[in-house]
Amino acid sequence: MTDVKKYITGLIKNSLPEIDSEISFDIPKEINHGDLTSNIALVFSKKAGKKPRDFATEIINTINFDKNIISKVEIAGPGFINFFIAEDFYRNILNEILNNKSEFGKSDLNKDKTANLEWVSANPTKPLHAGHGRQICLGKAIANLLEWTGYKVTREYYYNDAGNQMNKLAESVYARYMQIIYPEFPFPDEGYHGEYIKNIASLIYEMRKDSLKDKFDDEETKEFFKTAGENYNFKIIRNTLNKLGIHHDIFFNESDLYNNGEIKNLIEEFKNRKIAYEKEGALWLRMEESEGFDKDKVIVKSSGEPTYRLPDMAYHIDKIKRGYDLILDIFGSDHGDTYKEVLYGVKKAGYDISNIKVIIHQMVTFKMGNESVKMSGRSDTSYYLDELIDDIGADATQFFFVMRGANTHLDFDIKLAKEQSDKNPVYYLQYAYARICGIFRNAENEFKELISDEFNPSILTDENEINLLKTLSRFPDEVEDSARTFEPHKIITYLNKVASDFHTFYHNNRVLDAEQPEQSKARLKLADATRIVLKNGFGIIGITAPERM
RNA sequence: GCCCAUGUGGUGUAAUGGAUAGCACUACGGAUUUCGGCUCCGUCAGUCAGGGUUCGAGUCCUUGCAUGGGUACCA
């Protein structure tokens, strides 16, 4: 499709040099409006000083289109130019799909470019919460999308192993440990309440018995509890990520930023630039009203510890220095303000932030059919991502989190996700794939003579066949569009169309028919191409392609 | 209060500023039921409200209303 656009653009620009801007194309919703439509006459009529329809007529009269590519050109409505692409063009794409297989849909749009996607980055203080799933699954799909358009992608996890939260973790584990010995031992107000803390404490007690009791004032002991909690939690987190098939290339330790002096350097930089000042024992960053801020922010507390903003800024500066063409962050909307502060700081420290893009997704609510599921972060009733995956499976988890645009609130129906029926959208899609595999198994067993490398695409003339071919041919454009906007849900919308068009074709046309060998061979190839596109699409959104269900 | 995001049939949602607003669930009516339990076709019904920009607005601007999130020397 991209090739056809280029072809038409080239012809128009050669014949009518006065058109100096981009020529944009649409795929019309209405089938009678052709395969591609352009509003160029509407857009340019004013400049040309002509009526849109007259201008459109002039354009198509000056140009001779190759009938083998463009079979018909029409002017319609207020001045749209509708192009009808020759059916042979679509039939030829069938070969392209079959030859490229798992590569079909990839482009070199961003060849030689590098991207860094940082996501998950959950603190090792607790297991991943079900709500984290949205960011996690989105990131997985977006990383895949970027790769499909040619980026070399680094998947990175910012590991928060410093700061106040880790002390709280140590205190919490210690308190649970002490409670094994003295049940009355007080639990810290701001501590982590989850069951998993008790598990860590039990493990420690098994190993060390009561040898650590009352020794929390000792730095070494405190460090021991901290490390034990951190390692335990991070193991759980990584295990959950493994279940989803997510692997990071880099785990970036926050503590490195302290050890290598980058945080200290950044403080100096702010002071030199006179945008940081001391007040009430803390260090403040001056926030400009013109940038949308209404008050200054603390970057170093009076206790001497930086707030989370400062290491975050240093971290982003580190990423900028590593020279990526694209730096991508994904956050929930609960961090919608803080990332702006971080980027502001990076900019004020003198760095170019134009390569940094931030994706913000809205929150998730979970329900079981009509019952809502409470998602308390503090109490023991938390619903963990691990439980969700165990309940509905990794594929449904990945699919449901990615199927809606990031900017809309997500109502996650656990009951629906678990259902093995056509009501469940992931089931519908995977079923289409399994069904095609079924056709091939059937062919292997009973219609071996119909399996052949040779086939005649021109036999595919049925409306349903052409329609399916047209949909399949759009796949590379859909991937590009999805990647450009970082919106993997578009792939799902598209795959639904593929499955739906396939089923319509399948319902009306028998694939395996010994009486019609030529037709069967061609239809098998069409089914194979559909299978390839479905599988490639599944790969991007991060779900498996089951051959049987 | 201020900042950000979002308001689309009964429900959940889709739509680079384009022509008749798409899909799924639900309900009802049909078709296949000889490649897999399925699947296909049809019917009912929708852009929060008011202004504005544009040849053309669900989409852009503005006001109002509603929902979610943020507004810490927590992350």
Side-chain angles (χ1 to χ4, degrees), chain A residues 24-30 32-33 37-39 42-43 45-46 51-52 76-80 82 121-123 125 160 163-165 168 190 279-284 292-295 297-309 311-312 332-338 340 360-365 367 370 403-413 416 420-425 428 431-432 434-443 445-447 464 481 484-485 489-490 492-494 496-497 499-500 502-513 520 523-524 527 548-549:
Chain A
S24 69
F25 294 95
D26 255 335
I27 296 177
K29 291 173 193 155
E30 174 58 45
N32 295 323
H33 295 156
T37 182
S38 180
N39 61 359
L42 289 164
V43 174
S45 59
K46 217 168 235 177
K51 286 183 184 161
F80 292 104
N82 295 336
S121 301
N123 303 334
T125 52
N160 271 277
N164 198 25
Q165 54 184 347
K168 278 190 209 159
E190 302 278 297
K279 191 178 82 179
E280 295 159 3
L283 188 68
W284 296 69
F293 299 102
D294 53 0
K295 47 189 144 185
K297 298 284 179 184
V298 170
I299 50 176
V300 181
K301 296 183 247 181
S302 51
S303 65
E305 282 183 318
T307 60
Y308 66 91
R309 293 182 191 95
D312 269 14
S333 64
D334 53 339
H335 289 239
D337 273 0
T338 61
K340 286 181 195 157
I360 298 286
H361 68 80
Q362 301 302 309
M363 301 282 98
V364 187
T365 47
K367 58 174 190 174
N370 289 327
M403 77 177 169
R404 302 295 175 219
N407 254 333
T408 171
H409 297 257
L410 180 61
D411 251 326
F412 197 121
D413 188 341
L416 177 65
Q420 294 277 310
S421 78
D422 59 318
K423 287 177 197 167
N424 185 343
Y428 175 81
Y431 190 86
R435 164 170 269 170
I436 297 172
C437 293
I439 296 173
F440 277 89
R441 278 193 296 272
N442 196 352
N445 293 332
E446 296 176 41
F447 300 89
N464 296 318
D481 187 39
R484 188 173 43 78
T485 55
H489 76 273
K490 288 180 174 174
I492 290 180
T493 307
Y494 166 76
N496 262 313
K497 171 89 173 125
S500 162
F502 175 76
H503 279 135
T504 304
F505 153 76
Y506 173 86
H507 188 259
N508 295 318
N509 305 277
R510 170 107 201 157
V511 176
L512 299 172
D513 184 352
S520 295
R523 286 183 176 166
L524 264 179
R548 296 170 199 269
M549 291 175 74

P atom, B:rG42 versus B:rG18: distance in rounded Å? 25 Å

Is there side-chain contact between A:H503 and A:Y428, with at least one heavy-atom pair below 4.5 Å? yes

Give one of base, sugar-phosphate or nothing for A:F25, where a contact means two heavy atoms less than 4.0 Å apart. base

For atom P, what is the distance between B:rC23 and B:rA14, given to the nearest Å? 15 Å

If we call it a pair only when both distances are under 3.5 Å in a Watson-Crick or G-U wobble match, what pairs with B:rC23? B:rG12

With sugar-phosphate meaning primed atoms plus P, OP1 and OP2, does A:R484 contact a base, only sugar-phosphate, or nothing at under 4.0 Å between heavy atoms? nothing

Using a cut-off of 4.0 Å on non-hydrogen atoms, how would the nucleic acid contact of A:M549 be classed: base, sugar-phosphate, or nothing? base

Could you work out the separation of B:rG68 and B:rU26 based on their C1' atoms and round it to a whole Å? 27 Å

The test is salt bridge (Lys or Arg N to Asp or Glu O under 4.0 Å); show your working for A:R309 and A:D312 and say whether it passes. CA-CA 5 Å; A:R309 293 182 191 95; A:D312 269 14; over 6 Å; no

How close do A:S24 and A:S38 get, heavy atom to heavy atom, and via which atoms? O-OG, 3.1 Å

Nearest-nucleotide wise, let me know which of A:N123 and A:R441 is further upstream toward the 5' end of RNA chain B. A:R441

Considering all heavy atoms of both residues, which atom of A:A282 and which atom of A:S302 are nearest to each other, and what is their separation? CB-N, 3.9 Å

What does A:D513 touch in the nucleic acid at a heavy-atom separation under 4.0 angstrom: a base, only the sugar-phosphate, or nothing? nothing

How would you label the contact of A:H335 with the nucleic acid (heavy atoms, under 4.0 Å): base, sugar-phosphate, or nothing? base

If you look at every strand shown and take non-hydrogen atoms under 4.0 Å, does A:K497 touch a base, only sugar-phosphate, or nothing? nothing

Rounded C1' spacing from B:rU32 to B:rG37 in Å: 15 Å

Nearest heavy-atom pair of A:F440 and A:L524: which atoms, and what distance? CZ-O, 3.4 Å

With a 3.5 angstrom cut-off on both distances, give the Watson-Crick or G-U wobble partner of B:rA5, or none if there isn't one. B:rU67

Would you mind pulling out the nucleotide paired to B:rA72, Watson-Crick or G-U wobble, both distances under 3.5 Å? none

Touch check for A:N442, heavy atoms < 4.0 angstrom, all strands: base, sugar-phosphate only, or nothing? sugar-phosphate

Tell me which nucleotide, if any, is Watson-Crick or G-U wobble paired with B:rU59 when both distances must be under 3.5 Å. none

Write down the atom of A:A76, the atom of A:N82, and the distance for their closest heavy-atom approach. CB-ND2, 3.5 Å

Which base sits across from B:rA31 as a Watson-Crick or G-U pair, both distances under 3.5 Å? B:rU39

Suppose we define a pair by two distances each less than 3.5 Å, Watson-Crick or G-U wobble; what does B:rU54 pair with here? none

Compare every heavy atom of A:T125 with every heavy atom of A:Q165, then report the nearest pair and how far apart it is. O-CG2, 4.0 Å

With RNA chain B as reference, determine whether A:P425 or A:T493 sits nearer its 5' end, using the nearest nucleotide of each. A:T493

Once you apply a heavy-atom cut-off of 4.0 Å, does A:G405 come out as touching a base, just sugar-phosphate, or nothing? sugar-phosphate

Take A:L512 and A:I439 through the test side chain to side chain contact (heavy atoms under 4.5 Å, CB included) and record every step on the way to the result. CA-CA 8 Å; A:L512 299 172; A:I439 296 173; 4.0 Å; yes

How would you label the contact of A:H33 with the nucleic acid (heavy atoms, under 4.0 Å): base, sugar-phosphate, or nothing? base

When you compare B:rG1 with B:rA15, how far apart are their P atoms, in angstrom units rounded to a whole number? 32 Å

If you walk 5' to 3' along RNA chain B, what is the first nucleotide with an atom under 4.0 Å of a heavy atom in chain A, and what is the last? B:rC4 to B:rA75

With a 4.0 Å cut-off on heavy atoms, is A:G438 in touch with a base, just the backbone sugar-phosphate, or nothing at all? base

Using Watson-Crick or G-U wobble geometry with both distances under 3.5 Å, which nucleotide pairs with B:rC44? none

What's A:A76 touching, base or sugar-phosphate or nothing? Going by heavy atoms closer than 4.0 Å. base

Using the C1' atom on both, measure B:rA45 against B:rA27 and round to a whole Å. 11 Å

Using a cut-off of 4.0 Å on non-hydrogen atoms, how would the nucleic acid contact of A:T504 be classed: base, sugar-phosphate, or nothing? sugar-phosphate

Between B:rC40 and B:rA24 - C1' atom distance, rounded Å: 15 Å

Which part of the nucleic acid, if any, lies within reach of A:S45 when heavy atoms closer than 4.0 Å are counted: base, sugar-phosphate only, or nothing? nothing

Between B:rG12 and B:rG52, how many Å separate the two C1' atoms, rounded to a whole number? 32 Å

Report the relative orientation of the aromatic rings in A:F505 and A:F502; use parallel for angles under 30°, tilted for 30 to 60°, perpendicular for over 60°. tilted

Using a 4.5 Å cut-off on heavy atoms from C-beta on, say whether the side chain of A:M363 contacts that of A:D334. yes

Report which part of the nucleic acid A:T485 touches: base, sugar-phosphate, or nothing (heavy-atom distance under 4.0 Å, all strands). nothing

